Asker: 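Before I ask anything, here is the structure I am working with.
Owing to the predicted nature of the structure, the values given are computational and were not obtained by experimental measurement. Throughout, numbering of the chain's residues begins at 1 and tracks the sequence.
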Amino acid sequence: QVPLVESGGGSVQAGGSLRLSCAASEPIDSSRCIGWFRQAPGKKREGVARILTAYYMTHYRDSLKGRFTISIDNAKNTVYLEMNRLEPEDTGMYYCAEYGSRWLCPRDTSLTGFRDWGQGTQVTVTS
């Protein structure tokens, strides 16, 4: 298991874009599933997207398909979340985490099984 650090958040106007980074200090095991999550003020944390790095298999929250893209750059040990056409409702703290079992990446948006949450990176979308 490798510690993950989020970065890339900021303040952007509605319609803008941001790219978040989830960086590991060493190569991410290809059998691992890395997920992005977010938590808006006063709301529960929710799944955004996840990737099983070995197969580039991805899964997204239905409402975010077409606007958000998860990807991995193995050379940089980094998982990205590209967010386009941002809306004020996308405001929140964004986190990445690793799924606890190898070779599994549940095709849902549950937080169950993900561990070692980082400090997150704040995304603020203004109207």
Side-chain angles (χ1 to χ4, degrees):
Q1 183 184 354
V2 178
L4 303 171
V5 178
E6 306 94 338
S7 64
S11 182
V12 63
Q13 287 190 327
S17 299
L18 282 174
R19 188 177 75 164
L20 306 183
S21 298
C22 172
S25 58
E26 57 189 64
I28 298 173
D29 188 328
S30 61
S31 69
R32 291 300 189 181
C33 172
I34 305 297
W36 277 102
F37 305 82
R38 68 184 184 183
Q39 187 166 14
K43 295 188 176 181
K44 293 183 179 180
R45 193 170 299 186
E46 62 182 21
V48 172
R50 55 200 60 186
I51 183 168
L52 181 58
T53 60
Y55 304 116
Y56 287 75
M57 182 186 75
T58 59
H59 182 76
Y60 296 90
R61 188 173 197 83
D62 284 345
S63 60
L64 301 177
K65 288 179 181 177
R67 291 199 300 124
F68 287 20
T69 302
I70 189 171
S71 62
I72 185 168
D73 185 335
N74 286 302
K76 296 182 178 180
N77 305 330
T78 300
V79 174
Y80 298 102
L81 183 69
E82 184 78 31
M83 307 186 295
N84 298 311
R85 303 193 305 280
L86 283 162
E87 304 170 355
E89 292 73 22
D90 296 316
T91 293
M93 190 69 78
Y94 283 69
Y95 304 88
C96 62
E98 182 180 296
Y99 192 67
S101 299
R102 300 181 67 197
W103 300 111
L104 293 175
C105 200
R107 296 184 66 78
D108 58 28
T109 56
S110 171
L111 278 64
T112 302
F114 285 86
R115 62 187 184 183
D116 295 323
W117 300 87
Q119 295 299 309
T121 185
Q122 177 68 37
V123 171
T124 303
V125 184
T126 57
S127 58

Asker: Exactly one of Tyr95, Phe114, Tyr99 should register a ring pair (Phe, Tyr, Trp, His ring centres under 6.0 Å) with Phe37. Which one does?
Answerer: Phe114
Asker: I want to check something: taking the side chain as every heavy atom from C-beta on, are Gln39 and Glu46 in contact at a cut-off of under 4.5 Å?
Answerer: no
Asker: Distance check, rounded to the nearest 0.5 Å: Tyr55 atom OH versus Ser31 atom OG?
Answerer: 9.5 Å
Asker: Indicate if Leu4 and Ile51 have the same hydrophobic cluster label, given that clusters are the connected sets of ILVMFWY residues with side-chain heavy-atom separations under 4.5 angstrom.
Answerer: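 Hydrophobic grouping puts Leu4 with Ile51.
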Asker: Is any side-chain heavy atom of Ile70 less than 4.5 Å from a side-chain heavy atom of Tyr60?
Answerer: yes
Asker: Would you compute the distance between atom CE of Met93 and atom CD of Gln122 and round it to the nearest 0.5 angstrom?
Answerer: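 CD of Gln122 is found 4.5 Å from CE of Met93.
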Asker: How would you list, by chain and number, every residue that makes a side chain to side chain donor-acceptor pair (under 3.5 Å) with Lys76, sequence neighbours excluded?
Answerer: none
Asker: With a 4.5 Å cut-off on side-chain heavy atoms, are Leu81 and Thr69 touching?
Answerer: no
Asker: Report yes or no: do Leu18 and Val79 belong to one cluster of Ile/Leu/Val/Met/Phe/Trp/Tyr joined by side chain heavy-atom distances under 4.5 Å?
Answerer: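 Leu18 and Val79: one cluster.
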Asker: Counting C-beta onward and ignoring hydrogens, is there a side-chain heavy-atom pair between Cys105 and Met57 closer than 4.5 Å?
Answerer: yes
Asker: Would you mind reporting whether Arg102 and Leu104 have side-chain heavy atoms less than 4.5 Å apart?
Answerer: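 Answer no - side chains too far apart.
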Asker: For Arg115 and Glu98, indicate whether the former's side chain and the latter's backbone hold a donor-acceptor pair under 3.5 Å.
Answerer: no
Asker: Got Glu6 and Trp36 here, is their nearest side-chain heavy-atom distance under 4.5 Å?
Answerer: yes
Asker: Would you kindly say whether Asp108 and Ser110 are connected by a side-chain donor-acceptor distance under 3.5 Å?
Answerer: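 Asp108 vs Ser110: no donor-acceptor pair found between side chains.
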Asker: Step by step, work out the side chain to side chain contact (heavy atoms under 4.5 Å, CB included) result for Arg50 and Arg107.
Answerer: CA-CA 8 Å; Arg50 55 200 60 186; Arg107 296 184 66 78; over 6 Å; no
Asker: Below 4.5 Å, heavy atoms only, C-beta onward: do Arg45 and Trp117 meet side chain to side chain?
Answerer: yes
Asker: CG of Asn84 to OG of Ser17: how many Å apart, nearest 0.5 Å?
Answerer: 4.0 Å
Asker: Judged by atom type as modelled, is there a donor-acceptor pair below 3.5 Å linking the side chain of Thr91 to the main-chain atoms of Thr126?
Answerer: no
Asker: Where is the tightest heavy-atom contact between Ser127 and Ala14, given as atom of each residue plus distance?
Answerer: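 For Ser127 versus Ala14, the nearest heavy atoms are CA-CB, 4.3 Å.
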Asker: Same cluster for Met83 and Leu64 if Ile/Leu/Val/Met/Phe/Trp/Tyr side chains link at under 4.5 Å?
Answerer: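 Yes; tracing contacts between hydrophobic side chains, which count when under 4.5 Å, links both residues.
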Asker: Restricting to ring pair (Phe, Tyr, Trp, His ring centres under 6.0 Å), what partner residues turn up for Phe68, sequence neighbours left out?
Answerer: none
Asker: Side chains of Ile72 and Ile34: closer than 4.5 Å at any heavy-atom pair?
Answerer: no
Asker: Please give me the minimum heavy-atom distance between Leu86 and Val12, naming the atom from each residue.
Answerer: CD1-CG1, 3.6 Å
Asker: Is there a donor-acceptor contact under 3.5 Å from the side chain of Thr109 to the main chain of Gly47?
Answerer: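 Side chain of Thr109 to backbone of Gly47: no pair is present.
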Asker: Does this structure show an ion pair linking Arg85 with Asp90, if we count only N-O contacts that are shorter than 4.0 Å?
Answerer: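 Result for this pair is no, no salt bridge flagged.
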Asker: Indicate if Val125 and Val48 have the same hydrophobic cluster label, given that clusters are the connected sets of ILVMFWY residues with side-chain heavy-atom separations under 4.5 angstrom.
Answerer: yes
Asker: Taking the six-membered ring of Trp103, is the NZ or CZ of Arg32 close enough (under 6.0 Å from the centre) and on axis enough (within 45°)?
Answerer: no
Asker: Looking only at side chains, do Asp73 and Thr78 share a donor and an acceptor under 3.5 Å apart?
Answerer: no
Asker: Please determine whether residues Leu20 and Leu111 belong to a single hydrophobic cluster, defined as Ile, Leu, Val, Met, Phe, Trp and Tyr linked transitively by side-chain heavy-atom distances below 4.5 Å.
Answerer: no
Asker: Disulfide bond (SG atoms under 2.5 Å apart): which pairs involve residues 46-85, sequence neighbours left out?
Answerer: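 Matches after skipping sequence neighbours: none remain.
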Asker: To the nearest 0.5 Å, what is the distance between CD (Glu89) and CZ (Arg38)?
Answerer: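 Spacing of CD (Glu89) from CZ (Arg38) equals 9.0 Å.
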